[in-house]
Asker: 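The structure is given below, and queries will be raised subsequently.
Note that these values count all heavy atoms, side chains included, but never hydrogens, waters or copies made by symmetry. Each chain gets a letter, A, B and so on, in the order the sequences are listed, and its residues count up from 1.
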Number of protein chains: 2
Amino acid sequence: MATASNDVCCAPLGSAALDEDQATELAALLKVLADPARLRLLSMVATATDGEACACDLVEPVGRSQPTVSHHLSLLVEAGLLRREKRGRWAWYSVVPERLDAIRDALAPTGAGARC
Amino acid sequence: MATASNDVCCAPLGSAALDEDQATELAALLKVLADPARLRLLSMVATATDGEACACDLVEPVGRSQPTVSHHLSLLVEAGLLRREKRGRWAWYSVVPERLDAIRDALAPTGAGARC
DNA sequence: CCCACATATCGACGCTTGTCAATGTGACGA
DNA sequence: TCGTCACATTGACAAGCGTCGATATGTGGG
């Protein structure tokens, strides 16, 4: 439920004080990033060749159990930061750069770029 | 203890896969941001006139008790995101823009700017 | 001095979350 | 069809965190 219907865009921190709803939405997105395992998974996918990585290649290097990795990947997908594509019995993940850009813009001191 | 000795700089997500230590450090910093009350406090200080705000003017609009607000402000200061200056019996807070920039750079897809 | 005020600290409470072992669900190959 | 492999889901547990009331600390005014 509530599968990344969010659009954090257009709310730079320095342009206007956030109300409770905006803050809750942005906090929820940042909370997904604020975990070592998920940051590592995201960076591993981001730096993978061809821009995508198979889940089977992520479990061992991240140093967590397979269910834990699957759980983190699901959170990243649900937050719109990763895209999942099943091929046969493997799951391939790729980054959604726009989503990361939206976060960075939300943290901008000024009115952000011409994105909005 | 460990009062913001961090320098998250120079580790863009998309340039190389983060190791456990880098990920833990960046996650700790993001975790401070990933809370509605702290995001609101940060944005209120950022948009305040003269770039600084008195704690007494933050308690009521943020809708939390005074001890809770004080706690969140302390976390933001400890993370290096806010600067605290005591004047008489009041505490004035101002943002540390470089710190926010460092976070945004760490989330950059490429090798970031010429900051490093 | 003593009191009022602004802020910080303490102690406690529920809720959230990261983690794993065990199990479920499909997809391929023999 | 059966077994194996890749991945997701479930259930449970400990640790962390946001919150508040009560209290401590420190500052200025009368």
Asker: Between T47(B) and S43(B) (side chain of the first, backbone of the second, donor and acceptor by atom type, cut-off under 3.5 Å), is there such a pair?
Answerer: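 Yes, because the side chain of T47(B) sits within donor-acceptor range (under 3.5 Å) of the backbone of S43(B).
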Asker: From C-beta outward on P67(B), which listed nucleotide comes closest to its side chain: dA8(D), dT19(D), dA8(C)?
Answerer: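 Closest nucleotide among those given: dA8(C).
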Asker: If we check side chain to side chain contact (heavy atoms under 4.5 Å, CB included) with V32(B), which of these qualifies: L42(B), L39(B), L76(B)?
Answerer: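 Exactly one candidate clears the test, L76(B).
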Asker: With nearest nucleotides of DNA chain D determined for C56(A) and T68(B) from heavy-atom distances, which residue corresponds to the more 5′ nucleotide?
Answerer: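 Result: C56(A).
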Asker: Name the nucleic acid region contacted by H71(B), choosing base, sugar-phosphate or nothing; use a 4.0 angstrom heavy-atom cut-off, strictly under.
Answerer: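 Touches a base.
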Asker: Between C1' on dT9(C) and CG on L73(B), what's the gap in Å once rounded to a whole number?
Answerer: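 Computing the L73(B):CG to dT9(C):C1' distance gives 14 Å.
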Asker: Return the value, rounded to whole Å, for the distance between atom CZ of R89(B) and atom C1' of dG29(D).
Answerer: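 Computing the R89(B):CZ to dG29(D):C1' distance gives 7 Å.
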Asker: How many Å lie between CG on D35(A) and P on dT16(C), as a whole number?
Answerer: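 Taking CG of D35(A) and P of dT16(C), I get 18 Å after rounding.
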Asker: Do L100(A) and V95(A) have side chains that get closer than 4.5 Å, going by heavy atoms?
Answerer: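 Side-chain contact under 4.5 Å: no.
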Asker: Check this for me: does the side-chain of Q66(A) come within 3.5 Å of the base of dA8(D) through a donor and an acceptor?
Answerer: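 Checked by distance alone, the answer is yes.
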Asker: Do any N or O atoms from the side chain of R99(B) and from the backbone of A79(B) form a donor-acceptor pair under 3.5 angstrom?
Answerer: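 Judged by distance alone, yes, a pair lies under 3.5 Å.
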Asker: What is the distance, to the nearest angstrom, from the OH atom on Y93(A) to the P atom on dA6(D)?
Answerer: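 Roughly 14 Å, once rounded to whole Å.
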Asker: For DNA chain D, whose closest nucleotide is more 5', that of S74(A) or that of R38(B)?
Answerer: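 Taking each residue's closest nucleotide, the earlier one in sequence belongs to S74(A).
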Asker: Does A37(A) or A55(B) map to a spot on DNA chain C nearer the 5' end, using the closest nucleotide for each?
Answerer: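 Nearer the 5' end of the strand: A55(B).
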Asker: From the options dT9(C), dC7(D), dT19(C), select the nucleotide whose nearest atom is closest to the side chain of K86(A).
Answerer: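 Nearest to the side chain of K86(A) among the choices is dC7(D).
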Asker: L33(A) has an atom CG; how far is it from atom P of dG18(C), in whole Å?
Answerer: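 About 12 Å, once rounded to whole Å.
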Asker: To the nearest angstrom, how far is R87(A) atom CZ from dC28(C) atom C1'?
Answerer: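 Interatomic distance, CZ of R87(A) to C1' of dC28(C): 17 Å.
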Asker: Rounded to the Å, how far apart are K31(B) NZ and dG18(D) C1'?
Answerer: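 Between C1' of dG18(D) and NZ of K31(B): 14 Å.
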Asker: Atom CD of E60(A) and atom P of dC7(D): how far apart are they, to the nearest Å?
Answerer: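 Interatomic distance, CD of E60(A) to P of dC7(D): 14 Å.
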Asker: Look only at the side chain of R40(B) and the backbone of L18(A), and say whether a donor-acceptor pair between them is shorter than 3.5 Å.
Answerer: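 Yes; at least one donor-acceptor contact below 3.5 Å.
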Asker: Look at all strands and tell whether R84(B) reaches a base, only sugar-phosphate, or nothing, counting heavy atoms closer than 4.0 Å.
Answerer: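 Sugar-phosphate only.
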